[in-house]
Engineer: 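A single structure is presented below for examination.
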Amino acid sequence: MYYVDTIESFEHWQKLARSFIFNQISPRDILWNHNGQQSLWANSNLLEPAQKISVSRQFIHLAKTVACHQDNEKWELLYRVLYRIQFEKKHLLHMHHDPDVKKLLLMSKAIARDCHKMKAFVRFKEVKKKSDCFISWYEPDHCILDRVTPFFKNRFASMHWVILTPYKSVAWNTKTLTWGGPGNSSIYTQLTDQTEELWDIFYCSIFNPNRLKVKMMKSEMPVRFWKNLPESKNIQSLIRNAQHESFKMLEQSKKTKT
Amino acid sequence: MDHNRIRKKLKILADAAKYDASCASSGSNRAKKPDKNAIGDTQSMGICHSYTPDGRCISLLKILMTNYCIYDCKFCINRVSSNVQRARFTPQEVVDLTLSFYKRNYIEGLFLSSGIIRSSDYTMECLLNIVKALRTQHHFNGYIHLKVIPEASQTLIHQAGLYADRLSANIELPSKQDIKQLAPEKSITTLKSQMLGIRNDIIESKHDYKTKKKYKLPMFAPGGQSTQMIVGATQSHDRSILKTSSSMYKNYNMRRVYYSAFSPIPDAHSLLSLKKPPLIREHRLYQADWLLRFYGFDVDEIVPEDVPDLDLNLDPKTAWALNRRDLFPIDINTADKELLLRIPGIGLRSVQKILHIRKYHQLQHHDLKKLGLAYNRAKHFIKAKDHLKSSLLDHEQLKQHLSSESKQMELW
Ligand code: SF4
């Protein structure tokens, strides 16, 4: 049996996985995430040193994505799939009905969705004293800040901005990125940005009370994200008034008709 | 930015814009010169930054420059005879709003439309100047969707396309008679020549871009053109709507046709019926539109002459399949792609997966359940390696069964 301590990064996993594969160690003989007291590294030291192995690009891409997942079972799953690709089924990744592959794809989908939502739902507030300097607090479901940062860097290249998340932070000064530790929401929540009021007005005016479809909204914009979306404070009252508004409109139109 | 002044206008001019459905920002790949002052970019996929309780996505700052209008289109809240409050943004106000929303990551860009003031060309020119200012003075690289004003000249449209990612001229209603009745000042002939002009400019620009060096030329509307049709304001059948859409796709390379369920508006014209917007019909039309564009269906197959409206209880593919029982069951392991695409409950992606898997493995029923397709619908129409025990239902039973299933499944 081989025991593996907490995996710190994709590269860490990759190094171990390489030597396990090279030595043809079955996934059944490895215990991942074993944070036991005994140092069990002795076992893995018996292995031949890590060597590069050839793996499909598709797998590497998938593995790097899934590595961001917050579920630590991912390392074990990744190794099992890698092992099966190497020694059992070369085309395993095409077998979407296979339980391991299915799980891996679901995890990768969750990451893609989380990245997409972060690109959509980050809200910057302007720091008043320094105009064109913006700050945001965001709580992603997974560890995706590294993956999403290039998007913000590209889009807001000429602005100064900071994005804080509960596990990591990043700042951009129009030239370089600086990474930092866990952020704190208080700076962000205390800041007021007047433009938010205009955004609220827009949000409320663009809504059509005749087409109320709350479930649809919630499936695309899950409630757990609402707390950091300034516009969400209007949702309850918009829904409450919608029936009334819609009725008023129909009544009004009837009057004009007669 | 003067917030007090803008507040009131924004309320009026966003409210006036909400009935235009054609606002989803889609992808656009405008070639850009490197520019260190630039703000924004576009991606191959637009992002929905928020959702309102009507379930619609907010991707763009959707506003009118003004809701004054000299035309009198009966379905429109901004028509000259409507008794609504009017307002007009200055170009600077539109620019400021766009930039300050964009910098806070509220939006992907701007969707700018307008009522017609003075003349079509005057209005088009005002819109043109706003987008020109955003692009050139303010280095704005986000997405811009610009409405083409009815009757505006081709020269102005041509210039607009050099700044906008997408252009749209709205057909609004499916038939000539409908337009005559509800939008008497609009000419369908001019509209179609506008669309044709846009199509040709896009083709030419793409060709230039391919053959000449990158960055040399601004691209013309790289996000393509789209149009919108209002559903339920007149008696027109779905067949007439879909025929029009299909000709839009074929003749004008339309990227999208948007369907907008006619929604009661304040101070509505007396010609219009007062009902809740037909949302399910709108949904079915989108599904049918999808079948036309990606599944190789023809309008006549989906809404034949003798049944000119879509079944509201069933998705159009299932409805079609029920009438073509002779084609089924289709063998999942041997049928070619075109046929697989016609199986109810199986979408484009699932077809791709099936094609991949069956190279190495003969699919069974339980495999299909794991592919994330609507197996409970699909199972009635397929053959897999193993046999399904339950006997096939007869036509009426199956129809009822699937209708009730579809009621439970969708978000309505
Ligand atoms: S021209 Fe446009 S804004 Fe004016 S009434 Fe007709 S649809 Fe409305």
Side-chain angles (χ1 to χ4, degrees), chain A residues 89 91 94-99 102 116 119-126 132 134 136 152 154-159 174 193-199 201-217 219-221 229 231 235 238-239 242 246 249-250 252-254 256-257, chain B residues 1 3 6-7 10-12 14-15 17-19 36-41 47-58 61-63 97 100-101 103-106 139 142 261 263-268 270 272 274 276-277 279 353 356-357 359-361 363 366-368 370-372 411-412:
Chain A
K89 245 189 206 152
H91 300 288
H94 286 315
M95 303 291 138
H96 292 253
H97 62 291
D98 179 277
K102 198 178 164 190
H116 191 77
K119 291 175 191 171
F121 297 152
V122 156
R123 294 286 181 267
F124 284 116
K125 287 184 185 177
E126 191 167 27
D132 252 15
F134 295 83
S136 171
F152 290 105
N154 194 22
R155 178 160 290 202
F156 303 115
S158 58
M159 284 163 34
T174 75
D193 184 332
Q194 286 206 330
T195 303
E196 274 183 9
E197 193 206 340
L198 294 175
W199 173 236
I201 293 177
F202 176 71
Y203 182 82
C204 297
S205 311
I206 208 71
F207 163 62
N208 184 344
N210 285 301
R211 302 180 53 112
L212 200 61
K213 263 194 262 171
V214 180
K215 239 183 172 174
M216 178 91 116
M217 167 188 65
S219 82
E220 296 296 341
M221 194 165 83
L229 295 169
E231 66 271 26
I235 292 176
L238 287 178
I239 296 174
S246 163
M249 222 181 267
L250 286 170
Q252 252 177 20
S253 324
K254 266 181 210 145
T256 21
K257 211 176 179 186
Chain B
M1 194 161 49
H3 285 232
I6 286 185
R7 227 177 264 145
L10 181 59
K11 195 161 183 240
I12 297 170
D15 189 89
K18 75 173 152 214
Y19 301 97
K36 72 174 182 3
N37 296 318
I39 168 100
D41 71 344
I47 298 172
C48 288
H49 284 269
S50 194
Y51 289 83
T52 45
D54 50 23
R56 284 178 156 179
C57 135
I58 297 183
L61 170 63
K62 176 162 68 165
I63 44 172
L97 265 177
S100 52
F101 279 15
K103 286 179 178 176
R104 284 158 182 79
N105 203 40
Y106 299 163
H139 310 267
S263 172
I265 45 171
D267 197 22
S270 56
L272 295 162
L274 304 157
K276 286 231 142 207
L279 297 182
K353 287 183 198 168
H356 264 310
I357 297 176
K359 277 191 228 158
Y360 315 101
H361 170 84
L363 283 149
H366 69 91
D367 295 329
L368 290 168
K370 294 182 200 134
L371 290 187
L411 292 164
W412 307 95

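What's counted below: heavy atoms across the whole structure, side chains too, no hydrogens, waters or symmetry copies. Predicted, not measured: the structure shown is a model, and the values here were computed from it. Here is the naming used below: chain letters follow the sequence lines, and residue numbers restart at 1 for every chain.
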Engineer: With a 4.5 angstrom heavy-atom cut-off, which part of B:D367 approaches chain A: side chain, backbone, both or neither?
Structural biologist: both
Engineer: Quick one: what part of A:P99 sits under 4.5 Å from any heavy atom of chain B, side chain, backbone, both or neither?
Structural biologist: neither
Engineer: Look only at the side chain of A:S158 and the backbone of B:K36, and say whether a donor-acceptor pair between them is shorter than 3.5 Å.
Structural biologist: no
Engineer: Could you tell me the separation between the CE atom of A:M95 and the NZ atom of B:K370, rounded to the nearest 0.5 Å?
Structural biologist: 12.5 Å
Engineer: Any idea how A:W199 and B:F101 line up, ring-wise: parallel (<30°), tilted (30 to 60°), or perpendicular (>60°)?
Structural biologist: perpendicular
Engineer: Give a yes or no on this: more than 12 heavy atoms of other residues, nucleotides or ligands lie within 6.0 Å of atom NZ of B:K359.
Structural biologist: yes
Engineer: Which distance, rounded to the nearest 0.5 Å, do you find between the CZ of B:R56 and the CZ of A:R211?
Structural biologist: 3.5 Å
Engineer: Hey, which of A:V214, A:N154, A:I201 has the most heavy atom pairs under 4.5 Å with chain B?
Structural biologist: A:I201
Engineer: Using a cut-off of under 4.5 Å for heavy-atom pairs, which of B:G372, B:A261, B:G55, B:G142 has the most such pairs with chain A?
Structural biologist: B:G55
Engineer: Please state whether the side chain, the backbone, both or neither of B:K11 comes within less than 4.5 Å of a heavy atom of chain A.
Structural biologist: both
Engineer: Testing the basics here: between B:Y106 and A:E196, what is the closest heavy-atom pair and its distance to 0.1 Å?
Structural biologist: OH-CG, 3.2 Å
Engineer: Can you tell me which residue among A:H96, A:H91, A:H97 is in a ring pair (Phe, Tyr, Trp, His ring centres under 6.0 Å) with B:Y360?
Structural biologist: A:H91
Engineer: Out of curiosity, A:K119 NZ to B:H49 NE2, how far, rounded to the nearest 0.5 Å?
Structural biologist: 10.5 Å
Engineer: So, do A:F207 and B:K18 sit near enough that their side-chain heavy atoms are less than 4.5 Å apart?
Structural biologist: no
Engineer: If you count heavy-atom pairs under 4.5 Å between each of B:A14, B:S50, B:A17, B:S263 and chain A, which one has the most?
Structural biologist: B:S50
Engineer: Could you grab the distance from atom OH of B:Y19 to atom CG of A:N210, nearest 0.5 Å is fine?
Structural biologist: 6.5 Å
Engineer: Let's test your reading of the structure: which of B:I357, B:L363, B:I39 forms the most heavy-atom pairs below 4.5 Å with chain A?
Structural biologist: B:I357
Engineer: Less than 4.5 Å apart, any side-chain heavy atom of A:L238 and any of B:T52?
Structural biologist: no
Engineer: Salt-bridge test for B:R7 and A:E197: reply yes if a basic N is under 4.0 Å from a carboxylate O, no otherwise.
Structural biologist: yes
Engineer: What is the minimum heavy-atom distance between A:V122 and B:N105, and which atoms define it?
Structural biologist: O-ND2, 3.0 Å
Engineer: Are A:F202 and B:L97 packed together at the side-chain level, in the sense that at least one heavy-atom pair is separated by less than 4.5 angstrom?
Structural biologist: no
Engineer: Would B:L279 and A:K213 count as a side chain to side chain contact (heavy atoms under 4.5 Å, CB included) here? Give the steps.
Structural biologist: CA-CA 10 Å; B:L279 297 182; A:K213 263 194 262 171; 4.0 Å; yes
Engineer: So for B:L61, is it side chain, backbone, both, or neither that comes closer than 4.5 Å to the heavy atoms of chain A?
Structural biologist: both
Engineer: Picking from A:I235, A:D98, A:D193, which has the most non-hydrogen pairs under 4.5 angstrom with chain B?
Structural biologist: A:D193
Engineer: Contact between A:Q194 and B:H3 at the side-chain level, heavy atoms closer than 4.5 Å - yes or no?
Structural biologist: yes
Engineer: Any non-hydrogen side-chain atom of A:F124 less than 4.5 Å from a side-chain atom of B:K103?
Structural biologist: no
Engineer: Return the SG to CE distance between B:C57 and A:M216, rounded to the nearest 0.5 Å.
Structural biologist: 10.5 Å
Engineer: State, with a plain yes or no, whether a side-chain heavy atom of B:D54 is found less than 4.5 Å away from one of A:M217.
Structural biologist: no
